[in-house]
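Beneath this line is the structure, given in structure tokens, with notes to follow.
Letters go in sequence order (proteins before strands), and every chain restarts at 1. Values in this document were obtained by computation on a predicted structure and should not be read as measured data.
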Protein chains: 2
Amino acid sequence: MGRYAIKTMDKLLEDFIKTHRIKEKDLIEELNDKAYISEFKKGEFLIKNNNYIKVLKIVLGGKVRVYQENQDREILIYHLKPMETCTLSLSACFEDCKSNVNAIAEEDGMVLNIPVRFVEQWSFKYESWHRFTINTFRESYSYLIENYSKLAFQPLKDRLLDYIIEKSNHNILNRSHAQLAKELGTTREVISRLLKKLEADKIVTLGQKSIKVL
Amino acid sequence: MGRYAIKTMDKLLEDFIKTHRIKEKDLIEELNDKAYISEFKKGEFLIKNNNYIKVLKIVLGGKVRVYQENQDREILIYHLKPMETCTLSLSACFEDCKSNVNAIAEEDGMVLNIPVRFVEQWSFKYESWHRFTINTFRESYSYLIENYSKLAFQPLKDRLLDYIIEKSNHNILNRSHAQLAKELGTTREVISRLLKKLEADKIVTLGQKSIKVL
DNA sequence: ATAAACCTGTGACAAAAGATACAAGTTGAT
DNA sequence: ATCAACTTGTATCTTTTGTCACAGGTTTAT
């Protein structure tokens, strides 16, 4: 991973500090001192299943998919977008542990890396870091429970439609059927079939790598 | 909910303090002061969907099922056994919020109640409470991810067998097919059918409300 | 311009899970 | 002892999801 120009890096770190309402001067100094920003390219792995996690990853730009794999199937755990923190690497900060997920870049971007040993200390030392930590857990946990119960109760057709709506911009989602299959934990043919049904029901229109919700 | 004899209550609170290695004298005093123990009977609801959560619930004895419901189906989120904390009520401590789950007693028992406003304060004020908080989130999150991916990838037959093994004592599980169906998010007939298959495969033997893993 | 890689559609079939309906055994309270 | 409530078994049918196989369109890099 390369490094960005100092100027860009400073700007990004500032954004992060502002987003999470970090006030403590000492903490800001420690962040400047101990964290570092690195860039990643589309397709690059940020975390690999079974590897030890050594740094907390906070995405500053780009988009990262965090998922579990099982043979040739996958299921999305969450997407990381700018200013979002990988909850699993945060969790690892409190006890050295191996990753049981993969994180792959879907777009080029940048990530703030904080070595795990600091993250735990800070969470008791600095109130804003404490709040950040707890909020990250809370939000991730509730997001996961929501998806857990969708997975248990909703037929795939409904989950697919919900997902398209959640991820779309201005009602349009540019994604291939194969990508959707990976995110939803199924196979490409099934997604193609369901999308055709949704199109027949006049709920969406389909194009190459593009789905429009009506 | 009734109250236990002072003697029993003291003993239980002591157990809790020991289990979570709480050392701070001030915190122990606050616990004695602000927390209270109540008992519950089998079948009683500790938390109801859509109600505001006002106290952190820590089970001291008995067994509690926390689940989500959807029409006539349910899915288990987790079971609480002695000394375990309801992660969802913990989460609610950091921002007043409604429950989106139910918690029902499967056996008579007791619960330590701590009003939410203290829980947040303590997590930054006392190191052992901070550790307790973080650990609760970490463990619950990782347990949930594990089950999420089982739900996504494993056929019900395998999930059922795994579940029976996880919950059994000395290879025996005393539970009706209907109860298992609720915990696994399916219907009774499906469980009966799968259990018969497992019996035919000589993996379990079946009796009235009793499944023995071979 | 052309090949390779990617993307979409679809038919046919298999397996898994859900729904409905009914029968019969077991347990527990009175 | 008897009835109600609970528990288990099972046959049939439908729906949903997964698998395999193949055809043809689109995009991208060289």
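Distances were taken from every side-chain heavy atom of B:E189 (C-beta onward) to each of C:dT20, C:dG9, D:dT17; the shortest belongs to C:dT20. Candidate nucleotides C:dT8, C:dA17, D:dT19 were compared by shortest atom distance to the side chain of A:H177, and C:dT8 ranks first. Here the nucleotide nearest the side chain of A:L156, chosen from D:dT17, C:dG9, D:dT7, is D:dT17. Minimum atom distance to the side chain of A:L206 is reached by C:dG9, of the listed D:dT27, C:dG9, C:dT27. When distances are taken from the side chain of A:T187 to each of C:dT8, D:dT8, D:dG18, the shortest belongs to D:dG18.
In this model, the phosphate group of C:dG18 is approached by a side-chain N or O of B:R73 to a distance below 4.0 Å at OP1 or OP2. In this model, the phosphate group of C:dC6 is not approached by any side-chain N or O of A:S176 to a distance below 4.0 Å at OP1 or OP2. Contact annotation: A:R188 side-chain N/O to C:dC6 OP1/OP2 distance is not under 4.0 Å.
For the pair B:P155 and A:A178, both in contact range of DNA chain C, the more 5′-proximal nearest nucleotide belongs to A:A178. With DNA chain D read from its 5' end, the first of the two nearest nucleotides for A:V190 and B:G207 is the one closest to B:G207.
In this entry the distance linking CG of A:L194 with C1' of D:dT19 reads 15 Å, nearest Å. Going from atom CD of A:Q154 over to atom P of C:dG18 covers 14 Å, rounded to whole Å. Distance, B:N174 CG to D:dT7 P: 12 Å, rounded to whole Å. Atom C1' of nucleotide D:dT7 and atom CD of B:Q179 are separated by 11 Å, given to the nearest angstrom. Here the P atom of nucleotide C:dA16 and the CG atom of B:L195 are 16 Å apart, to the nearest Å. Straight-line distance from the CD1 atom of A:I191 to the P atom of C:dT8: 11 Å, rounded to whole Å. Following rounding to the nearest Å, B:F153 (CZ) and D:dT17 (C1') show an atom-to-atom distance of 15 Å. For the pair B:E199 CD and D:dT8 C1', the computed distance is 11 Å after rounding to whole Å.
The aromatic rings of A:F137 and B:F137 lie parallel to each other, with less than 30° between the two planes, well short of the 60° mark.
A cation-pi contact links B:R65 to B:Y67, judged by a cut-off of 6.0 Å to the six-membered ring centre and 45° from its axis.
Side-chain N or O atoms of B:S99 include one that pairs as donor or acceptor with a backbone N or O of B:V101 at under 3.5 Å.
Of the residues listed (B:W129, B:W122, B:F132), the one engaging B:H20 in a ring pair (Phe, Tyr, Trp, His ring centres under 6.0 Å) is B:F132, and it is the only one.
Pairing each heavy atom of A:S89 with each of A:I53, the nearest pair is CB-CG2, 3.7 Å.
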